[in-house]
Peer 1: 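This is the structure, below, for whatever I ask next.
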Amino acid sequence: MTTTSPPALTKAPAHPPSPRFSGSGVLRQITVLSGRSLRVLREPAMVLPGVLEPILMLTVFSQVFKSVSQTSSFPPGVTYIDYLLPAFLVTSSISAGLKSGVALTTEMNNGIVSRFKAMPIHTGSVLVGRSIADTMLNVVNLIVMLAAATLVFGYGPEGGVLGSLGAALIAVVLGWSLGWLFMALSAWLRRPESLQPIGGMVNMVLLFALPPRTADRGDG
């Protein structure tokens, strides 16, 4: 009686494990997320109110409170529009920073941020992308405001174009900085209706803040 040995088992060739997908680079993520937030430019109904609101306020204030420039305490040789516009550059930037916090809170409540957490995305890319997009929108608003003030109201400060650009740059930096502050508050409060009054208080304080009055010129 003959016995046959079982056939030798052939070992399957080992395949190298597939590399784990780690996502794109941080710069790529920031670029994509910034572009996602900038898609709001495709919807005029969401862009025009933010552009027209500061222009309308500038029109109302420049006409209603124009008599302030005729008081003795007003800086001599300065028109009221030259005195008023820098304040509106600041308040517009504060509103832009507030929008960063409100938008982040809305995305947190809608579950968009939770979806991002399930993806290979750096958490900081979400915040940086939001900050860059809102800063770019703020730059557009400030440029429109400066153009309208120059062409319609005769805005012409002593600093000229460079001085106006410098003032706009300071306003952009302020709005960008406050945007991070409002985003931090939004992560803590998680309610847009709780964040908006805080931005309103900051806006009102800076809008009506005046430097301390010194002795009038001509008093010796």
Side-chain angles (χ1 to χ4, degrees), residues 26-27 29-41 43 46-58 61 84-117 119 121-146 164-212:
V26 177
L27 292 179
Q29 295 173 13
I30 293 175
T31 302
V32 173
L33 292 173
S34 300
R36 166 186 170 271
S37 299
L38 287 174
R39 289 177 184 173
V40 69
L41 294 174
E43 303 179 13
M46 298 183 64
V47 177
L48 288 179
V51 176
L52 295 179
E53 180 182 2
I55 296 179
L56 292 176
M57 292 184 63
L58 184 64
F61 274 78
L84 181 65
L85 184 62
F88 276 93
L89 295 178
V90 172
T91 54
S92 179
S93 296
I94 294 174
S95 298
L98 178 61
K99 290 178 183 178
S100 299
V102 173
L104 180 61
T105 305
T106 303
E107 292 182 348
M108 292 172 62
N109 294 333
N110 291 341
I112 298 178
V113 176
S114 298
R115 294 179 184 179
F116 286 154
K117 291 181 179 180
M119 301 178 182
I121 298 177
H122 295 274
T123 306
S125 300
V126 179
L127 302 178
V128 175
R130 166 60 58 185
S131 177
I132 292 177
D134 291 337
T135 300
M136 294 179 65
L137 293 175
N138 184 31
V139 170
V140 173
N141 290 341
L142 296 183
I143 291 176
V144 172
M145 189 184 305
L146 285 172
S164 300
L165 294 178
L169 179 60
I170 294 175
V172 169
V173 174
L174 175 63
W176 172 78
S177 304
L178 290 178
W180 283 98
L181 176 61
F182 287 128
M183 284 192 292
L185 288 175
S186 67
W188 176 47
L189 298 174
R190 295 179 179 270
R191 296 176 64 92
E193 56 271 19
S194 300
L195 186 63
Q196 290 177 349
I198 298 177
M201 288 188 295
V202 174
N203 206 345
M204 292 295 292
V205 170
L206 293 181
L207 181 61
F208 293 101
L210 293 174

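Counting from 1, the numbers follow the sequence of the chain as shown.
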Peer 1: Can you list every pair that meets side chain to side chain donor-acceptor pair (under 3.5 Å) and has a residue in residues 164-177, with sequence neighbours left out?
Peer 2: Ser131-Trp176
Peer 1: Not counting sequence neighbours, which residues clear side chain to side chain donor-acceptor pair (under 3.5 Å) with Asn141? List them please.
Peer 2: none
Peer 1: So, Ser92 side chain and Phe88 main chain: donor-acceptor pair closer than 3.5 Å or not?
Peer 2: no
Peer 1: Holding to side chain to side chain contact (heavy atoms under 4.5 Å, CB included), I want the full list of residues that pass it with Val32, two or more places apart in sequence or in another chain.
Peer 2: Arg28
Peer 1: Evaluate side chain to side chain contact (heavy atoms under 4.5 Å, CB included) for Phe116 paired with Thr123, printing each intermediate quantity in order.
Peer 2: CA-CA 8 Å; Phe116 286 154; Thr123 306; over 6 Å; no
Peer 1: Looking at every non-hydrogen atom in both residues, tell me the closest pair between Gly101 and Ser186 and how far apart they are.
Peer 2: O-CB, 3.3 Å
Peer 1: How many angstroms lie between OG in Ser125 and CE in Met119, if you round to the nearest 0.5 Å?
Peer 2: 13.0 Å
Peer 1: According to side chain to side chain donor-acceptor pair (under 3.5 Å), who are the partners of Ser100, at least two apart in sequence or on a separate chain?
Peer 2: Asp134
Peer 1: Hey, is CE on Met136 packed in by over 12 heavy atoms from elsewhere, all under 6.0 Å?
Peer 2: no
Peer 1: Applying side chain to side chain contact (heavy atoms under 4.5 Å, CB included), run through Leu89 and Met145 and close with a yes or a no.
Peer 2: CA-CA 8 Å; Leu89 295 178; Met145 189 184 305; 3.9 Å; yes
Peer 1: The criterion is side chain to side chain donor-acceptor pair (under 3.5 Å); which residues satisfy it with Ser93, sequence neighbours excluded?
Peer 2: Asn138
Peer 1: How many angstroms lie between CG in Asn109 and CD in Glu107, if you round to the nearest 0.5 Å?
Peer 2: 10.5 Å
Peer 1: Nearest 0.5 Å, please: how far is CG in Leu98 from CG in Leu185?
Peer 2: 10.0 Å
Peer 1: With rounding to the nearest 0.5 Å, note down the distance linking CD1 in Ile30 to CG in Leu127.
Peer 2: 10.0 Å
Peer 1: Of all residues at least two apart in sequence or in a different chain, which pass the side chain to side chain donor-acceptor pair (under 3.5 Å) check with Arg115?
Peer 2: none
Peer 1: Please round to the nearest 0.5 Å and tell me the distance separating atom CE of Met183 and atom CZ of Arg130.
Peer 2: 8.5 Å
Peer 1: Show your reasoning for whether side chain to side chain contact (heavy atoms under 4.5 Å, CB included) applies to Val113 and Leu104.
Peer 2: CA-CA 8 Å; Val113 176; Leu104 180 61; 4.3 Å; yes
Peer 1: How far apart are the C-alpha atoms of Leu85 and Leu146, what are their side-chain angles, what is the distance that settles it, and do they pass the side chain to side chain contact (heavy atoms under 4.5 Å, CB included) test?
Peer 2: CA-CA 8 Å; Leu85 184 62; Leu146 285 172; 3.6 Å; yes
Peer 1: Would you compute the distance between atom CD1 of Ile132 and atom CG of Leu137 and round it to the nearest 0.5 angstrom?
Peer 2: 12.0 Å
